[in-house]
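Counting begins at 1 with the first residue of the sequence. Keep in mind the model is a prediction, meaning the values are calculated, not measured.
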Amino acid sequence: MDSRLEEINNLLIRYSLGDFDYSIQPSDKYDEIDAFITNINMLGEELKTSVISRDYFNNIFHSVSDMLLVLDNKGDITSINKAVTEKLRYSENQLRETSINFIAGDESKLFEYIRSMLGKNSFLNNLEVVFHSLELSPIPVSLSCSYLYNQHQVRIGYLIIARDLSKIKQYENSSKETEKKFRKVFEDSSDCFFITDAQGKFIDLNRAGFDLLKCSEDAINKDSVFDYIYDITERETFIRLVNEKTSVPDCKLKIRDKENTIIDCLVSANKIINEFGETRGFQGTIKNMTKQKEIENLFVRTIVDTQEKERKRIVKDLHDSLGQQLSAIKFFLGTLKSMKGNLSTEKYDELLSKSDSALNEVIAELSNICFNIMPGTLQKFGLSHAIHELCNKIKLSNTIDFTTDIAPDFPILDKNLEVTLFRIVQEFINNAIKHGFAQKIGIKMVSDPAEGKLFIVLKDNGKGFDMKRADEFEGMGLKNVKSRIESYTGIVRISSASGTGTMYEIMIPYKDYLPKQ
């Protein structure tokens, strides 16, 4: 037998196993067997090319992240890619020769709809349906559909591309929720929020903005935020700043509303810039400073009133005590002068003694007045020593039982804070004696270095007062105590009830108020 026939047999066996990299070299005979060998070699090349193309197509088919389904003309699934298996948990064998209606829900009649729509067009896009998974929750998908044709342009089926919309839906829902939250913040803010175009015309304005500017909904796309700036010079300066800078914070401007009321405001604006660096508009806030100015004015008036009350108290102390005692001394000295030589030794000595006693009382009273104005102990030795000295002085002239519990490690503080706390303690004691008729007063002062906080508790056993009527007790300075503590970012809780005494509980974070080194 011709050996070439054996070679042909071996080559065909290789081809049947998918190995197309071999061929047979024809002999020099150029007979029918050589012609057959040449044809077999050409067949091997074609088979090799076809397999490479098929493998290349399969790689693409299975690497696409979207779900791909091939249907025959009846709508039955003939092939799926890996994405279908991963997302729907069905194997290719489970879906093969199964209608597309199965994974969309038989009642959906999805294939009938696709066929009717493709009857009018060669391509169907963005058809949203739900695919049912074997194990997971249903998946919303967007379908694209087209006909499949063979090399003879005969229609052999359909290609379905299904894009998973679940993450997109989640993102859209999240975006909508976020937008809703921002919108709520935008609308609920007590300050005016605005968004404008590049010319400053309103695109959006919150409710506080309409209320502040006294304008109607017609202002949108019609009014410019710049037109509400009252002073022309301020307006021109602000326009220049917002065009030159990305952000312009807290400009003090006078705003004139639609009713021609002039309002002191703080105006801030930021540029809205697109991806090309172009200014598309501005967003910002307008804060009405009228109430803040009222508070500032009230604060200034409170300071002035406090200073005036202190002056009056000093004048009263000088007049009521020192004035009377000095008048008595003047009388004694005048008597000595006018009756010089006519007084007995005993009378002379008596008048000198009374003058000396009166002078000692004046000196003591002057010391008390100076202590009340500013204790020297507070300046030299700090708050703890000054509180002890204050209690000891009051004990000498009153039957008050003081209980002082001041921690040895209570910190030395900034003098302004120490003066504030001393005045609060001093005022509490005075109120306890004057208004509460207290017999016992307790003072506790401790600190927590780890937390950086100090705690002061002041308590008396006086008659107390009804907290519901606290506003009536202006003389006790309750609001003043709160404002002074809050100015140091502290907290004070005042509790009292008729017949149970009064208690102040004060907490101040003190690390920012230590003496400067």
### Task
Report the C-alpha separation of F131 and Y90 in whole Å, then their side-chain angles, then the decisive distance to 0.1 Å, and conclude whether the ring pair (Phe, Tyr, Trp, His ring centres under 6.0 Å) test is met.
CA-CA 12 Å; F131 276 180; Y90 287 109; over 10 Å; no
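Using a 4.0 Å cut-off between a side-chain N of Lys or Arg and a carboxylate O of Asp or Glu, E187 and R207 do not qualify as a salt bridge. Checked for salt-bridge contact, K87 and D164 meet the test: a charged N lies under 4.0 Å from a carboxylate O. Salt bridge E427/R484: present, at least one basic N to carboxylate O contact under 4.0 Å. No salt bridge links K254 with D231; every basic N to acidic carboxylate O contact stays at or beyond 4.0 Å. A salt bridge links D188 to K184: one of the charged nitrogens lies within less than 4.0 Å of a carboxylate oxygen. Ionic pairing of E112 and R115 is not present here: no N-O contact between side-chain nitrogen and carboxylate oxygen is shorter than 4.0 angstrom. Remark: E86 does not engage K82 in a salt bridge, criterion side-chain N to carboxylate O under 4.0 Å. Between E234 and R256, none of the side-chain N atoms (NZ, or NE/NH1/NH2) sits under 4.0 Å from a carboxylate O, so this pair counts as no salt bridge.
For the pair L417/I508, a side-chain contact is recorded, criterion being any heavy-atom separation below 4.5 Å from C-beta on. V419 has its side chain out of reach of N416: every pair of non-hydrogen atoms, C-beta onward, lies at least 4.5 Å apart. Using a 4.5 Å heavy-atom threshold, the side chains of Y228 and D223 count as touching.
In this structure, F111 has its ring center closer than 6.0 angstrom to the ring center of Y158.
Around atom CZ of F226, more than 12 heavy atoms belonging to other residues, nucleotides or ligands sit under 6.0 Å away.
Note: Y513 and Y488 have perpendicular aromatic rings, judged against thresholds of 30 and 60 degrees for the angle between ring planes. Note on ring orientation: taking the six-membered ring where Trp is involved, the planes of Y149 and Y147 are perpendicular (angle over 60°, cut-offs 30° and 60°).
The salt bridge (Lys or Arg N to Asp or Glu O under 4.0 Å) test applied to K453 returns no partner, not counting sequence neighbours.
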